[in-house]
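We name chains A, B, ... by the order of the sequence lines, and we start the count at 1 in each one. Excluded from the calculations below are hydrogen atoms, water molecules and symmetry mates; all remaining heavy atoms, backbone and side chain alike, are included. Given the structure is predicted, the values throughout are model-derived calculations rather than measurements.
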Amino acid sequence: MSFLNIFKSDSTRRTVLSSGHVVPESSRCVQCGICSYNCPIGIDVRAHVWRNESVNHSECLTCGECVARCPRGVLRFAQTDLFERRES
Amino acid sequence: MRYVIIGAGVAGFAAIESIRSIDKTGEVVMVSDDPHGFYSRPGLAYYLTGEIDSKALYSRSKDDYRHLNFSFLNARVKRILRAEKKLELDGKPALAYDKLLIAVGAQAIPLNIAGAKLQGVMKLDHLTDANDILAFTKRGRTAVVVGGGITALELTEGLLARGMNVHYLLRGDRYWSNVLDARESQAVEARLQEEGVTLHHHVELAEIIGKNNRVAGIRLTDGHTIKCDLVAYAVGIAPRIELANECGINCERGILADEHLQTNDENIFAAGDVAQVYDPLTGHSVIDSLWNPAREQGGVAGWNMAGRRAAYLKSAPFNVTRLAGLTTTIIGSVGRGRDEDVMGIARGDSETWRELPEALVAQGGFDVNHIRLLIGDKRLIGAVLMGDQKLSFPLQKMIANGADISPIRDSLMQPNAPVADLIADFWMKWRENIAA
């Protein structure tokens with residue numbers, strides 16, 4: 001089904017850990033800070049979202065805490081591929 | 001050049017960022033009666049539930065503030081003296097401005113019943129209100145929530161998370177009836193009940209009963225009473241237009257601003273929840289009480305204040321929220337009429353959501369994964385997504401760009417149509433065509 005293949009948030013955890021990063025859809029964000037509050041290594045995820053930048057922080061573990069806890073579905077995993085066309 | 005921003009919400013902050021992107025040296029002053037400055041007001045809901053602490057609400061770092069080089073003045077503005085281009089402040093010297101932005105937001109409409117001033121009657125406009133509610137939850141056991149829209153649910157869930165017994169009063173037969181359809185309201189209400197909320201339909205608050213100047217209970221118009229320690233209300237918000245009204249700036253429901261966010265005074269701009277902004281596409285001036293439009297409006301206002309002519313073009317309004325634990329996105333026009341539980345507009349609301357032209361409805365999904373589409377002649381007019389949000393981004397883009405959905409319109413209208421699959425397939429092709 002094409003439906004299952006379109007969305008990168010369905011990537012397996014293994015794929016994400018090896019080649020993924022967290023990307024925001026900033027227009028959904030209200031800067032509540034749940035993402036930054038729950039980041040185990042203290043990355044200010046919310047600041048990336050404000051600037052509409054992916055969380056390209058060298059220490060990001062792609063553990064998924066921020067993705068899972070965001071109450072507004074702002075964050076998702078995307079594969080890191082410079083040549084891939086982005087949706088946002 | 002001195003830029004003055006009244007209000008410490010996201011519109012004001014975005015305006016400062018825009019001003020500084022153009023003018024590195026002009027003086028910028030933010031004035032607000034909220035002593036806490038700029039923080040995430042929508043985040044108050046998660047502060048109430050205990051998902052974050054109050055420090056987490058402050059979204060900008062000290063570095064950001066240093067970089068933007070502005071001063072914050074905690075004061076109440078008493079009057080705008082337009083002829084002298086000055087603000088009269090409560091207990092502080094007058095403040096002159098060259099360009100002024102009014103971004104003071106909106107405030108909860110107070111309850112107009114006996115007992116509304118008792119201790120323990122709470123609203124949720126500011127961090128101070130949230131702190132007051134939290135202090136009360138430590139000594140109370142039972143709360144009554146009255147009102148509608150997102151804020152009423154945020155209050156309900158916050159009080160519940162703090163261990164209170166919560167009664168939620170609804171005037172009509174279901175929650176948020178002018179934006180959600182019956183099935184969506186039912187999904188929300190069922191989850192609230194599962195969490196232990198006691199729902200009361202077709203009831204109206206007549207009086208708040210006090211004892212020693214504190215809330216002791218409520219009485220309904222049908223005579224029934226409920227003992228409680230706290231009454232939290234969210235019966236709608238009113239844009240804070242008094243300052244503008246008093247100095248002759250044109251207002252209707254909000255401060256009237258053109259697409260450059262300029263009022264009828266060329267040196268005064270308005271943005272955010274207080275502004276009723278002209279939309280050149282529809283010819284209407286509308287209020288959006290939404291974070292993202294407020295940020296965009298503030299940004300555009302800032303550019304214009306600093307001399308770069310820019311227009312705010314309203315996109316299809318959308319909001320993402322959590323209703324009884326269900327992530328919910330509302331895009332475009334989805335409902336009609338008014339909600340009995342809200343006067344005017346609620347926080348996290350848009351007037352456009354209720355401007356529903358003739359449209360047909362296609363539905364898919366079940367229980368917590370739910371999609372509702374409002375289908376016009378050739379395009380989608382609105383959508384509600386509950387639970388799974390994968391299609392939120394495609395629908396937002398398709399609605400905002402007026403995608404011609406003629407090829408799948410008939411299929412969408414079939415009973416039990418696989419709405420999600422149809423939209424996903426269409427989105428793939430449509431996106432390719434747009435990119436080509």
Under 4.5 Å from a heavy atom of chain A, the part of B/Gln396 involved: side chain
B/Thr329 versus chain A, the contacting section by heavy-atom distance below 4.5 Å: side chain
Interface residue of largest heavy-atom contact number with chain A, from B/Ile423, B/Val320, B/Asp64, under 4.5 Å: B/Val320
B/Glu184 vs B/Val384 side-chain heavy atoms within contact, under 4.5 Å: yes
Side chain, backbone, both or neither of A/Cys29 within contact of chain B (heavy atoms, under 4.5 Å): backbone
Contacting moiety of B/Asp53, where chain A heavy atoms sit under 4.5 Å: both
Ring centers of B/Tyr65, B/Phe70 separated by less than 6.0 Å: yes
Cation-pi check, B/Arg60 onto B/Tyr58 ring (under 6.0 Å, within 45° of axis): no
Contact winner vs chain A - B/Ala45, B/Pro42, B/Gly325, B/Gly43, heavy-atom pairs under 4.5 Å: B/Pro42
Under 4.5 Å from any heavy atom of chain A - which part of B/Tyr47: neither
Contact winner vs chain A - B/Glu51, B/Arg295, B/Glu296, heavy-atom pairs under 4.5 Å: B/Arg295
Residue among B/Asp273, B/Asp129, B/Asp125, B/Asp34 satisfying salt bridge (Lys or Arg N to Asp or Glu O under 4.0 Å) with B/Arg41: B/Asp34
Heavy-atom contact with chain B under 4.5 Å, split by part of A/Ser27: both
Plane angle bin for B/Phe38 and B/Trp291 - parallel if under 30°, tilted between 30 and 60°, otherwise perpendicular: parallel
Donor on one side chain, acceptor on other, B/Gln389 and A/Arg72, under 3.5 Å: no
A/Arg76 side chain reached by A/Val22 side chain, heavy atoms, under 4.5 Å: no
